[in-house]
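First comes the structure, then the notes that go with it.
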Amino acid sequence: MTSKNIVWHDHKVTKQDRSSIKKQKPVILWFTGLSGSGKSTIANAVETKLYKMGKHTYLLDGDNIRHGLNKDLGFSEEDRIENIRRIGEVAKLFVDSGLIVLTAFISPFQKDRDQVRNLVNDEEFIEVYVDTPLEVCEQRDPKGLYKKARAGEIPDFTGISSPYEPPKNPEIHIKNDEVAVEECVEKVIEYLKEHKYI
Ligand SMILES: Nc1ncnc2c1ncn2[C@@H]1O[C@H](COP(=O)(O)OS(=O)(=O)O)[C@@H](OP(=O)(O)O)[C@H]1O
Ligand SMILES: Nc1ncnc2c1ncn2[C@@H]1O[C@H](COP(=O)(O)OP(=O)(O)O)[C@@H](O)[C@H]1O
């Protein structure tokens, strides 16, 4: 339900002020892909690289957010939609604070990813598709979740019993089963440099 009787406040210190003091262009790097595709690994490595370059970042990670802000949500379609909606709003606030935000969520539905894209300015959303075949993710299975899902112990598991819609037009497409993590990181950093974010 939309609240009534609330008025938007403009602040004296603007997004432009906050980002220019940090010498960077704020943006959301939205990593999407199957469980085990490599989202967290790559996002962490990109954040480390940016940190070493003196950039101001924040990484929002699936498992962590589900321990706090979104601990009331499960994995039904409805809950995943709400999960991504809230994360989108948080990411938007961080962009407003002038940060380079990295997010690592499966975010299986194109419509929800597009909704986040539409929350911010055009150049403030970069969709990064971590494209790793299901068979490879299942072989990696670092948390043993695919094994449990195949055994019917986890319902609605992405790729097994719940859908994943690959991005139609991602700004960055990473084939994570074919290259080393460092190469994936370079690809993202190059994109940020080329488009003058950093
Ligand atoms: N049913 C089901 N389907 C998919 N994933 C599951 C499920 N149950 C638990 N997990 C664990 O939760 C992590 C995914 O959470 P996300 O918030 O990224 O999911 S989503 O964007 O809302 O679809 C995911 O983490 P990653 O492996 O890092 O992607 C899993 O560890
Ligand atoms: N390029 C890669 N080559 C080989 N293994 C990788 C690569 N990227 C990630 N991994 C491994 O895949 C597993 C899942 O990675 P993770 O980042 O946790 O995925 P996600 O966050 O998408 O669930 C981890 O064990 C990680 O070490």
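These values consider heavy atoms only, across backbone and side chains, with no hydrogens, waters or symmetry-generated copies.
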In a check of side-chain contact (heavy atoms from CB on, under 4.5 Å) between T57 and each of L29, L102, V46, which one passes?
L102

Does the side chain of T103 come within less than 4.5 Å of F31's, by heavy atoms?
no

Let me confirm one number: the CG-CG distance from L59 to N44, rounded to the nearest 0.5 Å.
5.5 Å

Are L192 and M53 connected in the hydrophobic side-chain network, where two residues link if heavy atoms are under 4.5 Å apart?
yes

One should read off an interatomic distance between K92 NZ and N121 CG, to the nearest 0.5 angstrom, of 9.0 Å

Using 30° and 60° as the class limits, which term best fits the ring planes of Y191 and Y197: parallel, tilted or perpendicular?
parallel

Rounded to the nearest 0.5 Å, how far apart are CD1 of I100 and CD of Q24?
4.0 Å

Check this for me, if you would: do R150 and E138 make a salt bridge, where the nitrogen-to-carboxylate-oxygen distance has to be below 4.0 angstrom?
yes

May I have the step-by-step check of side-chain contact (heavy atoms from CB on, under 4.5 Å) for V27 and V101, ending in yes or no?
CA-CA 6 Å; V27 67; V101 189; over 6 Å; no

Would you call V128 and I42 a side-chain contact if the rule is heavy atoms closer than 4.5 Å?
no

Can you see whether S97 engages Y58 through a side-chain donor-acceptor pair at a distance of less than 3.5 angstrom?
no

Side-chain contact, heavy-atom cut-off 4.5 Å: T132 with R140?
yes

Looking only at non-hydrogen atoms, find the nearest pair between I160 and A149 and report the distance.
CG1-CB, 4.3 Å

With side-chain contact (heavy atoms from CB on, under 4.5 Å) as the criterion, how do N70 and I87 come out once you've worked through the C-alpha distance, each side chain's angles and the decisive distance to 0.1 Å?
CA-CA 9 Å; N70 291 353; I87 291 151; 3.9 Å; yes

Quick one: pull up CG in N118 and CZ in R113 and give me the separation to the nearest 0.5 Å.
13.0 Å

Both conditions, 6.0 Å and 45 degrees, for the charged tip of R66 above the ring of F75: are they met here?
yes

Of all heavy-atom pairs linking S107 and I84, the shortest is CB-CD1, 3.7 Å

Spell out, yes or no, whether V90 and W30 are grouped together once hydrophobic residues are joined by side-chain heavy atoms under 4.5 Å, including indirect joins.
yes

Nearest heavy atoms of P155 and S161, plus distance in Å
C-OG, 4.1 Å

Under 6.0 Å from the CG atom of D122, do we count more than 12 heavy atoms belonging to anything else shown?
no

Using a 3.5 Å distance criterion without hydrogens, assess whether the side chain of D79 forms a donor-acceptor pair with backbone atoms of L73.
no

Answer yes or no: is there a side-chain heavy-atom contact under 4.5 Å between R117 and D114?
yes

Joint cluster assignment, L69 & L99, ILVMFWY side-chain distance < 4.5 Å:
yes

Is it true that E127 and K168 have a side-chain N and a carboxylate O under 4.0 angstrom from each other?
no

Evaluate the criterion side-chain contact (heavy atoms from CB on, under 4.5 Å) for residue pair N176 and S37; output intermediate values, then yes/no.
CA-CA 7 Å; N176 187 40; S37 58; 5.6 Å; no

A side-chain contact here means heavy atoms from C-beta on lying under 4.5 Å apart; do I126 and I28 qualify?
no

What distance separates K25 NZ from K55 NZ, expressed to the nearest 0.5 Å?
12.0 Å

State whether D61 and K39 are salt-bridged, where the test is any N-O pair (Lys NZ or Arg NE/NH1/NH2 against Asp/Glu carboxylate O) under 4.0 Å.
no

Keeping the roles fixed (side chain from R18, backbone from V13), state whether a donor-acceptor pair exists under 3.5 Å.
yes

Pair K187 + E183, salt bridge at N-O below 4.0 Å
no

Less than 4.5 Å apart, side chain to side chain, heavy atoms only: is that true for Y146 and L134?
yes

Go through it in stages, so that I can follow the logic: the residues are E124 and K15, the test is side-chain contact (heavy atoms from CB on, under 4.5 Å), and I'd like the CA-CA distance, side-chain angles, deciding distance and then a yes or no.
CA-CA 12 Å; E124 289 174 344; K15 170 159 67 174; 2.8 Å; yes

V95-F105 co-clustered via ILVMFWY side chain contacts under 4.5 Å
yes

A45 and V181 have their tightest heavy-atom pair at CB-CG1, 4.2 Å

Is K49 salt-bridged to E186, going by a charged N under 4.0 Å from an acidic O?
yes

Student check: side-chain heavy atoms of V130 and T32 closer than 4.5 Å
no

Contact between F94 and L60 at the side-chain level, heavy atoms closer than 4.5 Å - yes or no?
yes

Regarding T158 and R80, is there a side-chain donor-to-acceptor distance under 3.5 Å anywhere?
yes

Which atom names give the shortest non-hydrogen contact between P108 and Y164, and what distance separates them?
CA-CD1, 3.6 Å

Between L34 and G159 the two heavy atoms that sit nearest each other are CD2-CA, 4.3 Å

Salt-bridge present (R86, E89; N to O < 4.0 Å):
no

Look up atom CD in E153 and atom CG in L145, then write down how far apart they are to the nearest 0.5 Å.
10.5 Å

Is a side-chain N or O of S20 found less than 3.5 angstrom from the main chain of K23, in a donor-acceptor match?
no

Q139, CD atom: more than 12 neighbouring heavy atoms under 6.0 Å
no

